[in-house]
*Asks:* 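Got a structure here, written out as structure tokens. Questions coming.
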Amino acid sequence: DGLLTSFAWVAGAVYAGAGTLPNVRITSTRVDQALPAAPLTAPTATDAGVGLLSAGTYQYKGVFLSAAGVETEAGPASSALTIAATRYINLTAIPLGAAGEDVSGRRLYRTSDAGTTYYRLATINDNTTTTYTDNTADLTGNTEISTGRAALPPCRYLVEHHHRACGAGSLGADGDERTLYISNFGEPEVSPASPNLTLVTEGTRISLSGEVDGKIMALASHGDKLWVWTATAMFALTGDMPLDYSLQPFAQVGCVAHRTACSLRDALYWLAADGVYRGVEGRGIERISDDIRGFIDGLTASDLAAATAVCWDNRYYLFTPAGVRWFDTQYGVWGENTTWPFALATVGGFTGDGLSRFFAAEQDTGTAWELEVPDLITDDGTAIFTHWASADMDFGLPGREKRLHYLGAVWKVTTGTASVSLTTGTGTIVETITQDLSVAPVTGGLVSRLYQRVGEAARSEWFAVSIQSQGADELELLSVDGSWSLCT
């Protein structure tokens, strides 16, 4: 339907949602509707003659089973049927799952004589049989029917948190965009509208209202909390059961794209309308994208909404229709990959070879690539091009002209070359220097060092350094420096 689709790994399967059609469950062999709609009708019960049932009044309900065998909410109760002693009952018109609903089977539940509790009677392992003969005298001790089995509504945003599926952005008739949906523990398909507060496994639904009312734009699980964003605010969900769940306002910083929210070690990263933010519990929130402010300001509203991000190898990669930027979380610098055609990416789990896998999908094609594997740093067969640019450097003396004498940079020894460009504050390129990254000044050394005198034209109030590289197995820029003096 052209809407954003999100994915969450919960309870051994991947769950996906787009907000309108029902959420789906994906395994290695199947893709099925996560939970079918509940039955809309009841079976019909009739006295069928001599049997084993005691005299009394009985009622029946049916439930559907998903492809994974998960029960839906029960359908309506049949009309009460009163029989004499030693009889049996025929059930007809047992409800069937509608076309398009992934129903693998059905279950029948029956009361005891004039009772209100329904006990399991039988399981029908198909979606075609409409009759059943009940000749079971006593169901006492059988599993009781479950209540509160409402399906997790279709959600544009899905994440796993504490072994539950948490969703938002529901555009379907049974949901809305201001409600956070929390599934039962270990049952990502089910989110009760009226949970039993005494059961720790129950899920719940929490709606934003009052002054904090707004459309939920993003979710992320980080630490022991679920983080929830609108376009202008951030909230923290604490607790682990319906009785103690609490959604509290946290900061007046929003998120514009669900798939830009990433957790890396102790930090949480996301894209707001005015830039990329990093939050560390106990240290607060900071905007980290001021060095690429021009790029962020140039993004349209549709660019922002379409942005995605992944964290890989100490970097936060931001994918937008206008290009790819990455933030080195260890050194606090931004870089650019200018030749990547990828619209979005994801990172696989740790595989035992020291690096997780990085996968990306190409714009407007049906092509996906595995990127930056340890022994082959390529995307579609071409070595990845990277670009790092410094902030403007005025050396703490704004308004004073300086003369730069030497330019230095240090990399970890690797393969390939780097092109280092020095520009003045007006954008004029003063000098471009090529460095062989495989050469260390000391035999067997671990770093490649550039320290070169620059030309007389290196005079300006401030300077900037740009470094481009292609073909390195693993590019790691350690420092950029230089020597200068004030012009007289």
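Starting from 1, each residue takes its place in the sequence as its number. Here the structure is a predicted model, which means the values were calculated and not measured.
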*Asks:* Work out which heavy atom in Leu299 is nearest to a heavy atom in Ala322; give both atom names and the distance.
*Replies:*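 Nearest pair, atom of Leu299 first, then Ala322: CD2-CB, 3.6 Å.
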
*Asks:* Does Ser183 use its side chain to pair, donor to acceptor, with the backbone of Ala165 at less than 3.5 Å?
*Replies:*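 It does hold such a pair.
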
*Asks:* Hey, could you give me the CD1/OG1 distance between Ile124 and Thr131, rounded to the nearest 0.5 Å?
*Replies:*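 OG1 of Thr131 is found 8.0 Å from CD1 of Ile124.
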
*Asks:* Evaluate the criterion side-chain contact (heavy atoms from CB on, under 4.5 Å) for residue pair His161 and Cys166; output intermediate values, then yes/no.
*Replies:* CA-CA 7 Å; His161 181 65; Cys166 297; 3.9 Å; yes

*Asks:* For ring-ring contact (aromatic ring centres under 6.0 Å, His included), just list the numbers for Trp9 and Tyr15, CA-CA rounded to whole Å, side-chain angles, deciding distance to a tenth of an Å, and then say yes or no.
*Replies:* CA-CA 6 Å; Trp9 178 270; Tyr15 289 81; 9.2 Å; no

*Asks:* Using the side-chain contact (heavy atoms from CB on, under 4.5 Å) definition, which of the options Leu65, Thr129, Thr72, Asn125 pairs with Arg106?
*Replies:*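 Testing each of Leu65, Thr129, Thr72, Asn125 against Arg106, the sole residue satisfying side-chain contact (heavy atoms from CB on, under 4.5 Å) is Thr129.
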
*Asks:* Just verifying a value: how many Å separate Arg107 CZ and Arg120 CZ, rounded to the nearest 0.5 Å?
*Replies:*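 Taking CZ in Arg107 and CZ in Arg120, the distance rounds to 4.0 Å.
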
*Asks:* Check for a donor-acceptor pair, side chain of Asn23 on one end and backbone N or O of Leu152 on the other, with a separation under 3.5 Å.
*Replies:*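 Checked: pair present.
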
*Asks:* So, Asp138 and Thr140: side-chain donor and acceptor under 3.5 Å apart, yes or no?
*Replies:*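 Judged by distance alone, the side chains do pair up.
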
*Asks:* Tell me, do Arg265 and Asn314 make a side-chain contact under 4.5 Å, heavy atoms counted?
*Replies:*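 They are in side-chain contact.
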
*Asks:* Got Ile83 and Leu53 here, is their nearest side-chain heavy-atom distance under 4.5 Å?
*Replies:*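 Of all side-chain heavy-atom pairs linking Leu53 with Ile83, at least one is under 4.5 Å.
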
*Asks:* Ignoring hydrogens and angles, tell me if any N or O in the side chain of Arg325 forms a donor-acceptor pair with the backbone of Ser289 under 3.5 Å.
*Replies:*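 No, because the side chain of Arg325 does not come within donor-acceptor range (under 3.5 Å) of the backbone of Ser289.
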
*Asks:* Examine the side chains of Asp134 and Tyr58 and answer whether a donor and an acceptor come within less than 3.5 Å of each other.
*Replies:*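 Judged by distance alone, the side chains do not pair up.
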
*Asks:* Looking at Ala85, is its backbone amide N or carbonyl O close enough to the side chain of Ser54 to form a donor-acceptor pair, meaning the two atoms are under 3.5 Å apart?
*Replies:*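 No: the side chain of Ser54 does not pair with the backbone of Ala85.
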
*Asks:* Roughly how far apart are Leu219 CG and Leu158 CG, rounded to 0.5 Å?
*Replies:*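 Nearest 0.5 Å value for the CG-CG distance: 8.0 Å.
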
*Asks:* Excluding sequence neighbours, so at least two apart, what forms salt bridge (charged side-chain N to carboxylate O under 4.0 Å, His left out) with Arg164?
*Replies:*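 For Arg164 there are no salt bridge (charged side-chain N to carboxylate O under 4.0 Å, His left out) partners, ignoring immediate neighbours.
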
*Asks:* If you define the side chain from C-beta out and look only at heavy atoms, does anything of Thr320 sit under 4.5 Å from Phe295?
*Replies:*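 Yes. Closest side-chain heavy atoms under 4.5 Å.
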
*Asks:* Using the rule given for ring-ring contact (aromatic ring centres under 6.0 Å, His included), can you reason through Tyr316 versus Tyr269, listing the C-alpha separation, both sets of side-chain angles and the distance that settles it, and then say yes or no?
*Replies:* CA-CA 8 Å; Tyr316 174 80; Tyr269 299 84; 5.4 Å; yes

*Asks:* Look only at the side chain of Thr260 and the backbone of Leu271, and say whether a donor-acceptor pair between them is shorter than 3.5 Å.
*Replies:*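 At least one qualifying donor-acceptor pair exists.
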
*Asks:* Within the 4.5 Å heavy-atom criterion, are Asn184 and Pro192 side-chain neighbours or not?
*Replies:*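 Result yes, sub-4.5 Å side-chain heavy-atom pair found.
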
*Asks:* How long is the straight-line distance from CG of Leu197 back to CG of Leu243, given to the nearest 0.5 Å?
*Replies:*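 That separation rounds to 6.0 Å.
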
*Asks:* Evaluate side-chain contact (heavy atoms from CB on, under 4.5 Å) for Val333 paired with Leu477, printing each intermediate quantity in order.
*Replies:* CA-CA 10 Å; Val333 295; Leu477 178 64; 5.7 Å; no

*Asks:* Please answer whether the main-chain N or O of Arg156 pairs with a side-chain N or O of Ser6 as donor and acceptor at a distance below 3.5 Å.
*Replies:*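 Looks like yes, one N/O pair under 3.5 Å.
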
*Asks:* Is a salt bridge present between Arg293 and Asp274, judged by a nitrogen-to-oxygen distance below 4.0 Å?
*Replies:*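 Looking at Asp274 together with Arg293, the answer is no, because their closest N to O distance does not fall below 4.0 Å.
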
*Asks:* Quick one: does His163's side chain have a donor or acceptor within less than 3.5 Å of a partner on Val10's backbone?
*Replies:*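 No; zero donor-acceptor contacts below 3.5 Å.
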
*Asks:* Please list all pairs meeting salt bridge (charged side-chain N to carboxylate O under 4.0 Å, His left out) that have one or both residues in residues 46-64, counting only residues at least two apart or in different chains.
*Replies:*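 Those involving residues 46-64 are Asp47-Arg87.
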
*Asks:* Taking 4.0 angstrom as the limit, do Arg278 and Glu286 come out as a salt bridge?
*Replies:*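 Here Arg278 pairs with Glu286 in a salt bridge, since their nearest N and O are under 4.0 Å apart.
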
*Asks:* Considering all heavy atoms of both residues, which atom of Thr111 and which atom of Thr57 are nearest to each other, and what is their separation?
*Replies:*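 So the minimum-distance heavy-atom pair works out to OG1-O, 4.1 Å.
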
*Asks:* Looking at Met241, is its backbone amide N or carbonyl O close enough to the side chain of Asp244 to form a donor-acceptor pair, meaning the two atoms are under 3.5 Å apart?
*Replies:*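 Checking the backbone N and O of Met241 against the side chain of Asp244, a donor-acceptor pair under 3.5 Å is found.
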
*Asks:* Should the pair Arg315 and Trp326 be classed as cation-pi, given the thresholds of under 6.0 Å to the six-membered ring centre and 45° from the axis?
*Replies:*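 Cation-pi check for Arg315 and Trp326: passes.
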
*Asks:* Mark yes or no: Arg110 above the aromatic ring of Tyr119, with NZ or CZ under 6.0 Å from the six-membered ring centre and no more than 45 degrees from the axis.
*Replies:*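 Ring-cation test returns no.
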
*Asks:* Identify the two heavy atoms, one from Tyr88 and one from Val50, that lie closest to each other, and give their separation to 0.1 Å.
*Replies:*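 That closest heavy-atom pairing would be CD2-O, 3.0 Å.
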
*Asks:* Exactly one of Trp312, Tyr277, Trp334, Trp270 should register a ring pair (Phe, Tyr, Trp, His ring centres under 6.0 Å) with Phe327. Which one does?
*Replies:*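 The passing option is Trp334.
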
*Asks:* Do Thr230 and Leu208 touch side chain to side chain, with heavy atoms closer than 4.5 Å?
*Replies:*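 Yes - at least one pair of side-chain heavy atoms lies under 4.5 Å apart.
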
*Asks:* With a 4.5 Å heavy-atom cut-off, do Ile216 and Trp229 have their side chains touching?
*Replies:*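 With C-beta onward as the side chain, the pair stays apart.
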
*Asks:* Salt bridge or not for Glu281 and Lys225, using N-O below 4.0 Å?
*Replies:*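 Lys225 and Glu281: salt-bridged.
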
*Asks:* I need the minimum non-hydrogen distance between Val190 and Gly148, along with the two atoms involved.
*Replies:*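 That would be CG1-O, 3.6 Å.
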
*Asks:* In a table with atom names and distances, give each donor-acceptor pair under 3.5 Å that connects a side chain of residues 96-103 to protein atoms at least two apart or in another chain.
*Replies:*
unit_1	atom_1	unit_2	atom_2	d
Glu101	OE1	Gln33	NE2	2.9
Glu101	OE1	Ala37	N	2.8
Asp102	OD2	Gln33	N	2.6

*Asks:* Between atom OG1 of Thr44 and atom OH of Tyr60, what is the distance when rounded to the nearest 0.5 Å?
*Replies:*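 Reported value, rounded in 0.5 Å steps: 12.0 Å.
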
*Asks:* Do the side chains of Tyr132 and Leu121 get nearer than 4.5 Å, heavy atoms only?
*Replies:*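 In short, these two side chains touch, coming nearer than 4.5 Å.
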
*Asks:* Between Arg30 and Asp32, does at least one N-O distance fall below 4.0 Å, as a salt bridge requires?
*Replies:*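 Judged by the 4.0 Å cut-off on N to carboxylate O distance, Arg30 and Asp32 do form a salt bridge.
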
*Asks:* If you round to the nearest 0.5 Å, how far is OG of Ser191 from CG of Asp174?
*Replies:*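 One gets 10.5 Å once the value is rounded to the nearest 0.5 Å.
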
*Asks:* Distance-only, no hydrogens or angles: does the Gln248 side chain make a donor-acceptor pair with backbone N or O of Ala236 under 3.5 Å?
*Replies:*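 It does not hold such a pair.
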
*Asks:* State, yes or no, whether a side-chain contact exists between Phe64 and Ser104 at a heavy-atom distance under 4.5 Å.
*Replies:*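 Heavy-atom side-chain distance check fails, nothing below 4.5 Å.
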
*Asks:* Strictly by modelled atom types, are Tyr109 and Glu144 linked by a side-chain donor-acceptor pair under 3.5 Å?
*Replies:*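 Side-chain D/A pair, Tyr109 to Glu144: absent.
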
*Asks:* Evaluate the side-chain contact (heavy atoms from CB on, under 4.5 Å) criterion for residues Tyr181 and Ile206: first the C-alpha distance (whole Å), next the side-chain angles of each, then the deciding distance (0.1 Å), finally the verdict.
*Replies:* CA-CA 7 Å; Tyr181 301 94; Ile206 304 174; over 6 Å; no

*Asks:* Where is the tightest heavy-atom contact between Cys311 and Cys262, given as atom of each residue plus distance?
*Replies:*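 So the minimum-distance heavy-atom pair works out to SG-CB, 3.5 Å.
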
*Asks:* Can you tell me which residue among Thr179, Leu180, Ile182 is in a side-chain contact (heavy atoms from CB on, under 4.5 Å) with Arg205?
*Replies:*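 Between Arg205 and the candidates, side-chain contact (heavy atoms from CB on, under 4.5 Å) is satisfied uniquely by Thr179.
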
*Asks:* Please determine whether side-chain contact (heavy atoms from CB on, under 4.5 Å) holds for the pair Glu336 and Trp388, giving the CA-CA distance in whole Å, both sets of side-chain angles, and the decisive distance to 0.1 Å.
*Replies:* CA-CA 6 Å; Glu336 174 185 5; Trp388 175 85; over 6 Å; no

*Asks:* Identify the heavy atoms of Leu81 and Thr46 that sit nearest to each other, and give their distance.
*Replies:*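 Smallest interatomic distance, heavy atoms only, reads CD2-C, 3.6 Å.
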
*Asks:* So, does Ser170 use its side chain to make a donor-acceptor pair with the main chain of Pro154 at under 3.5 Å?
*Replies:*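 Between the backbone of Pro154 and the side chain of Ser170 there is a qualifying donor-acceptor contact (under 3.5 Å).
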
*Asks:* If only side-chain N and O atoms count, and only distance matters, is there a donor-acceptor pair under 3.5 Å linking Asn90 with Thr133?
*Replies:*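 Yes.
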
*Asks:* Arg149 pairs by salt bridge (charged side-chain N to carboxylate O under 4.0 Å, His left out) with which of Glu187, Glu202, Glu73?
*Replies:*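 It is Glu187, the one option of Glu187, Glu202, Glu73 that forms the salt bridge (charged side-chain N to carboxylate O under 4.0 Å, His left out) with Arg149.
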
